[in-house]
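Report on one structure; see the data block that follows.
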Number of protein chains: 2
Amino acid sequence: MTDDAWTIPEVAVAVDLAVLTVHDGALQIMLVRRGIPPFEGMLALPGGFLASTAEDLDAAAARELTEETGLGTEDLHLEQLGTYGAPDRDPRRRVVTVCYLAFSPDLPTPTAGGDAREAILLPVDEVLDHRTAVAFDHKKIISDAVERARSKLEYTTLGAAFCPPEFTMTDLRQVYEIVWGTSLDPRNFHRKITGVTGFLVPTGERVSRQVGRPAALYRRGDATVLHPAMLRNR
Amino acid sequence: MTDDAWTIPEVAVAVDLAVLTVHDGALQIMLVRRGIPPFEGMLALPGGFLASTAEDLDAAAARELTEETGLGTEDLHLEQLGTYGAPDRDPRRRVVTVCYLAFSPDLPTPTAGGDAREAILLPVDEVLDHRTAVAFDHKKIISDAVERARSKLEYTTLGAAFCPPEFTMTDLRQVYEIVWGTSLDPRNFHRKITGVTGFLVPTGERVSRQVGRPAALYRRGDATVLHPAMLRNR
DNA sequence: CCAAAAGTGTTGCTCGTACACCCATGA
DNA sequence: TCATGGGTGTACGAGCAACACTTTTGG
């Protein structure tokens, strides 16, 4: 590191959140509608500047998560996605934003009321469509977030992070199908997942969804990596 | 994003470089010895603060690369590794550093003289050893860089980025063996790599290394992903 | 009984590993 | 000629796609 501290330019550091969830049969992302310029009224990722010089980046991400979406940080996967710092990305001043990626189970009442600000859930296909306008460079960030999520399902057990605490094999398979936009053979999927030691723990319970044979219920296990990996067809 | 611009804390944004290369039979990382406090005299990653408010992060990384190591940015893989921003990571003031990862072919004269500052090449095993002191949180960054490199060899063609423009199959295999710290079957490796379309382009030339049958020379191809992937034994 | 969903068995293929074997060179 | 490294052939097994088949429920 060079240390010409007297020439250090003024840069504002922000933290943004790409919170993905599977809702209503689609991969959706949590967005807020901006109340002030620039990009007033436009969709944007929830986020904000560091609260103080002493605030850790991860802590800032967790704080923004609760503040803006009403979600708790416990039992929710949160990882750094990347840092975006093009000089002209914010017209007001130089802003470098560290973006975090979160996977959330489907929410009963998606932060409609309460202390959360106006958080909206929108399908990523719709948000990434060229007709949808998104503030700053957030469309690119969302695109990166979705690609990261798709890739993570291949070699980690994070697909289960989209499921409630207890879920069926079909619930998990539908996460994969929706995130990847493909269809998977239920029988091979079942065999494959049960073959990964530590991915799922059977609760012993069974649940009947509408019609047909009741499905076994599972909880998330300790495994974090998926071995062998679950590759999508490309 | 919230927009309480008047409360934005002062944060310095730096760019650090984790330049990895395979040299002398070991995975090595480029470091500099700090000339001023804090951590004076200690080993650190090359890097520095943004040159101006208008400088792009990627551009700053490329600039630091040439300034501190004498390496050109063309024909060298450079990607963002991650951002490190613990509040106490720099005792002087709050610094958030965006770290970039670079893969370099073995260098004939490793920036010994010329316009480059005092850049040193050290084996990562030695640097990561608990007896070696490294400035700031750079040991953690180096550890992340090495893990990322190991993982990237599995599913991308970036192993060839450690090789000179023309190289033999054995050169490439040794990159894998050294980076992963394993030994690979030369015959199966050969078949596997030649089976990936677009990874290597044979030049038609052959070269004789000391003794034995001469090896075919290859150049890097257009492929970036390795399919099927080359998984290490874990 | 029938439809529908859950789960098991089986087959054929792709790919990886292990290793026998041949090829081309320097000493 | 032998040692050394480059490269091909082949056999066995793991893992996966495709799909026939059985199990268990609601109507």
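Every chain is numbered from 1, with letters handed out A, B, ... down the list of sequences.
Checked for salt-bridge contact, Asp185(B) and Arg191(B) miss the test: no charged N lies under 4.0 Å from a carboxylate O. Looking at Arg148(B) and Asp144(B), no side-chain N of the basic residue comes within less than 4.0 Å of a carboxylate O on the acidic one, giving no salt bridge.
Rounded to whole Å, the distance from CZ on Arg209(B) to P on dT4(D) is 19 Å. As a whole-Å value, the separation of Ile193(B) CD1 from dG16(C) C1' is 13 Å. Between the C1' atom of dG6(D) and the CZ atom of Phe167(B) lies a distance of 16 Å, rounded to the nearest Å. The CD-P distance, from Glu205(B) to dG6(D), rounds to 17 Å in whole Å. The separation between Asp171(B) atom CG and dG5(D) atom P is 14 Å, rounded to whole Å. For Leu172(B) and dG6(D), the CG to C1' distance is 15 Å, given to the nearest whole Å.
Of all the heavy atoms in Asp16(B) and Gly47(B), the pair that sits closest is OD1-CA, 3.5 Å. Closest non-hydrogen pair, Asp129(A) versus Lys139(A), comes out as O-NZ, 2.8 Å.
For the pairing with Asp171(A), the salt bridge (charged side-chain N to carboxylate O under 4.0 Å, His left out) check across Arg219(A), Arg220(A), Arg209(A) returns one residue only, Arg209(A).
Residues of residues 217-232 of chain B having a heavy atom closer than 4.0 Å to DNA chain C, listed by number: Pro228(B), Ala229(B). In the region residues 175-190 of chain B, proximity to DNA chain C at under 4.0 angstrom, judged on heavy atoms, holds for Asp185(B), Arg187(B), Asn188(B).
Gln210(A) CD: 12 or fewer foreign heavy atoms inside a 6.0 Å radius.
By the 30° and 60° cut-offs, the orientation of the rings of His77(B) relative to Phe103(B) is tilted. Taking the six-membered ring for Trp and thresholds of 30 and 60 degrees, Trp180(A) and Tyr176(A) have ring planes more than 60 degrees apart, a perpendicular arrangement.
For the pair Phe199(A)/Leu172(A), a side-chain contact is recorded, criterion being any heavy-atom separation below 4.5 Å from C-beta on.
Using a 4.0 Å heavy-atom cutoff across all strands shown, Thr168(B) reaches no nucleic acid atom at all.
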Practice problem: Let me have a per-nucleotide readout for nucleotides 22-27 of chain C, 5' to 3', with B, S or -, counting only protein heavy atoms under 4.0 Å. | Solution: -BBBS-
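At distances below 3.5 Å, at least one donor-acceptor pair connects side-chain atoms of Arg150(B) with backbone N or O atoms of Val179(B).
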Quiz item: Can you check side chain to side chain contact (heavy atoms under 4.5 Å, CB included) on Thr21(B) and Met30(B), steps first, answer last?
Solution: CA-CA 8 Å; Thr21(B) 189; Met30(B) 201 164 273; 5.9 Å; no
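With DNA chain C read from its 5' end, the first of the two nearest nucleotides for Asn233(B) and Met169(A) is the one closest to Met169(A).
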